[in-house]
*Asks:* 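Following this message is one structure expressed as structure tokens.
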Amino acid sequence: MPPRLQGWDPVLIISQIVCLQSLHYLTLCIIIPPLLSIFAEPHALAHQGGAPNVSMIMDWRELAGRPTLMGNQADAARGWSGFKGAWSGGKNLGDTAAGWEWNAGLDSTRGWLIAFSWLIVCGIDIIYIYHLIRKPTHVLDFTLTLLFNHIILTTYYSASLPTSLFFWLVVLGGAAITVIFAEQLCVKREMQEGLGTVGVESGREWEDNRTGNPEEGRLMASQSHEDIELSTVNASGNAVASGSGTSWRDRL
């Protein structure tokens, strides 16, 4: 097997990307349907296939509050004349032939709920990145990769590029929240771990320089650490004993 570059593990990177993307969508699937079922307009929601519809997550037009139905000319051009309107559970909920059904599924509240859910999930992504990615230098890369993958998927699902300013503000704002707070947490952890490692290494180097023998220095550093722990235990025991003696004399 050819040697890998330091810090470059394609299998690990791809696994992290897939895991992070899956957790992001899984969390959206948990949050969005209950919110839509409670707060969204029922008839408009049913017209779009209901709260569990995958389009609530994958179609950017749902977040932007735009219609997702095709008109008569578009249907005829694409050969879908037999499938006009909105269908759910094998039932036709509306036909675009009458005209009013074009906007029947629109609900501004639904778009706001989906946007709110996206921002909440971006905040939860901070926890995922903190435990999966760990390195602060990789936080921006993985966050932008997640966003880029979603743009590709939502463009493929809706057959159109996202052109809504509101959509871009929401997804970019969520990415900014994830990057800022995830990097802070990862940097804080690295500083804490680094200070602990530096303290141990400094003690070993001091003993090595004092003795001139690295092995002897490490042994003496270990013995010094054990002596400190033993003295701490003895001091605690003497304090307890003196406290017990004082309370015994007070009782007499």
Side-chain angles (χ1 to χ4, degrees), residues 7-33 35-36 48-71 74-75 77-80 83 86-87 105-107 110-183 186:
W8 171 252
D9 190 346
V11 176
L12 176 62
I13 294 174
I14 294 175
S15 301
Q16 289 174 323
I17 292 174
V18 173
C19 187
L20 183 60
Q21 199 85 28
S22 302
L23 288 173
H24 179 81
Y25 287 135
L26 178 61
T27 310
L28 283 174
C29 292
I30 295 174
I31 294 178
I32 289 181
L35 288 179
L36 295 180
Q48 295 299 109
N53 196 336
V54 69
S55 65
M56 302 301 165
I57 297 174
M58 300 307 301
D59 197 334
W60 65 268
R61 295 170 296 183
E62 292 290 352
L63 189 152
R66 294 187 178 181
T68 59
L69 300 180
M70 293 292 181
D75 290 336
R78 302 179 68 172
W80 292 352
F83 300 94
W87 291 75
L106 291 182
D107 181 15
R110 186 171 68 242
W112 283 104
L113 290 173
I114 296 175
F116 174 74
S117 301
W118 183 273
L119 294 177
I120 292 297
V121 173
C122 287
I124 298 176
D125 287 341
I126 298 172
I127 301 175
Y128 299 152
I129 292 177
Y130 179 79
H131 292 286
L132 293 176
I133 310 305
R134 301 185 64 87
K135 294 184 178 180
T137 55
H138 294 172
V139 171
L140 179 62
D141 298 337
F142 279 90
T143 303
L144 294 181
T145 301
L146 187 151
L147 178 59
F148 179 73
N149 291 337
H150 180 71
I151 298 301
I152 294 177
L153 292 174
T154 190
T155 300
Y156 175 79
Y157 184 88
S158 60
S160 62
L161 285 170
T163 57
S164 170
L165 178 61
F166 180 70
F167 170 83
W168 287 107
L169 289 177
V170 171
V171 296
L172 292 178
I177 292 173
T178 303
V179 170
I180 292 173
F181 290 98
E183 279 190 351
C186 292

*Asks:* Does any donor atom in the side chain of T68 or Q48 lie under 3.5 Å from an acceptor atom in the other side chain?
*Replies:*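 Their side chains do contain a donor-acceptor pair, which is all the 3.5 Å distance test asks for.
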
*Asks:* Taking the side chain as C-beta and beyond, is there a heavy-atom pair between L132 and F142 under 4.5 Å?
*Replies:*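 No, their side chains stay 4.5 Å or more apart.
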
*Asks:* Atom CG in D9, atom CD1 in I13: separation rounded to 0.5 Å?
*Replies:*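 With rounding to 0.5 Å, CG (D9) is 7.0 Å from CD1 (I13).
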
*Asks:* Could you walk me through whether W168 and I151 pass the side-chain contact (heavy atoms from CB on, under 4.5 Å) check?
*Replies:* CA-CA 10 Å; W168 287 107; I151 298 301; 3.8 Å; yes

*Asks:* Y25 and side chain to side chain contact (heavy atoms under 4.5 Å, CB included): which partner among L153, V121, L146?
*Replies:*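 Of the listed residues L153, V121, L146, the side chain to side chain contact (heavy atoms under 4.5 Å, CB included) partner of Y25 is L153.
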
*Asks:* Looking at every non-hydrogen atom in both residues, tell me the closest pair between S117 and I31 and how far apart they are.
*Replies:*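 So the two residues come closest at OG-CG2, 3.7 Å.
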
*Asks:* So which atom in V139 and which in A182 form the shortest heavy-atom distance, rounded to 0.1 Å?
*Replies:*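 Result for this residue pair: CG1-CB, 3.7 Å.
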
*Asks:* How long is the gap from CG on L36 to CD on E62, to the nearest 0.5 Å?
*Replies:*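 So the gap between those two atoms works out to 8.5 Å.
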
*Asks:* Could you state the interatomic distance from NE2 (H138) to OG1 (T143), rounded to the nearest 0.5 Å?
*Replies:*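 OG1 of T143 is found 12.0 Å from NE2 of H138.
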
*Asks:* Does atom CZ of F181 have more than 12 heavy-atom neighbours from other groups under 6.0 Å away?
*Replies:*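 Result for CZ/F181: open.
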
*Asks:* How are the rings of F166 and W112 set relative to one another: parallel (under 30°), tilted (30 to 60°) or perpendicular (over 60°)?
*Replies:*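 Geometry flag for W112 against F166: perpendicular rings.
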
*Asks:* Among side-chain atoms of R66 and T163, is any donor-acceptor pair under 3.5 angstrom?
*Replies:*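 Note: R66 and T163 side chains meet the donor-acceptor criterion.
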
*Asks:* Does the side chain of S158 come under 3.5 Å of the side chain of W60 through a donor N or O and an acceptor N or O?
*Replies:*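 Present: a donor and an acceptor within the cut-off.
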
*Asks:* Please report the closest heavy-atom contact between P162 and T155, naming both atoms and the distance.
*Replies:*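 Closest approach of P162 to T155, heavy atoms only: CD-OG1, 3.4 Å.
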
*Asks:* Which heavy atom in F167 sits nearest to a heavy atom in T154, and how many Å separate them?
*Replies:*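 That would be CZ-CG2, 4.5 Å.
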
*Asks:* Measure the CG-CZ distance between L63 and R110 for me, rounded to the nearest 0.5 Å.
*Replies:*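 Result: 11.0 Å between the selected atoms.
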
*Asks:* Any non-hydrogen side-chain atom of I114 less than 4.5 Å from a side-chain atom of L28?
*Replies:*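 No; the side chains remain at least 4.5 Å from each other.
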
*Asks:* Using the side-chain contact (heavy atoms from CB on, under 4.5 Å) rule, take L172 and L147 through it: C-alpha gap first, then chi angles, then the decisive distance, then the call.
*Replies:* CA-CA 8 Å; L172 292 178; L147 178 59; 3.7 Å; yes

*Asks:* Of all the heavy-atom pairs spanning K135 and C186, show the shortest one and how long it is.
*Replies:*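 Of all heavy-atom pairs spanning K135 and C186, the closest is C-CB, 4.4 Å.
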
*Asks:* Quick check: closest heavy atoms across L119 and G173, and the distance to 0.1 Å?
*Replies:*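 Between these two residues, the closest heavy atoms are CD2-C, 4.4 Å.
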
*Asks:* For the atom pair CD1 (I177) and CG (D125), what is the distance rounded to the nearest 0.5 Å?
*Replies:*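 CG of D125 is found 10.5 Å from CD1 of I177.
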
*Asks:* Under a 4.5 Å cut-off applied to non-hydrogen side-chain atoms, are I124 and Y128 in contact?
*Replies:*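 Answer yes - side chains close enough.
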
*Asks:* OG1 of T27 to CD1 of I120: how many Å apart, nearest 0.5 Å?
*Replies:*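 It is 11.5 Å, given to the nearest 0.5 Å.
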
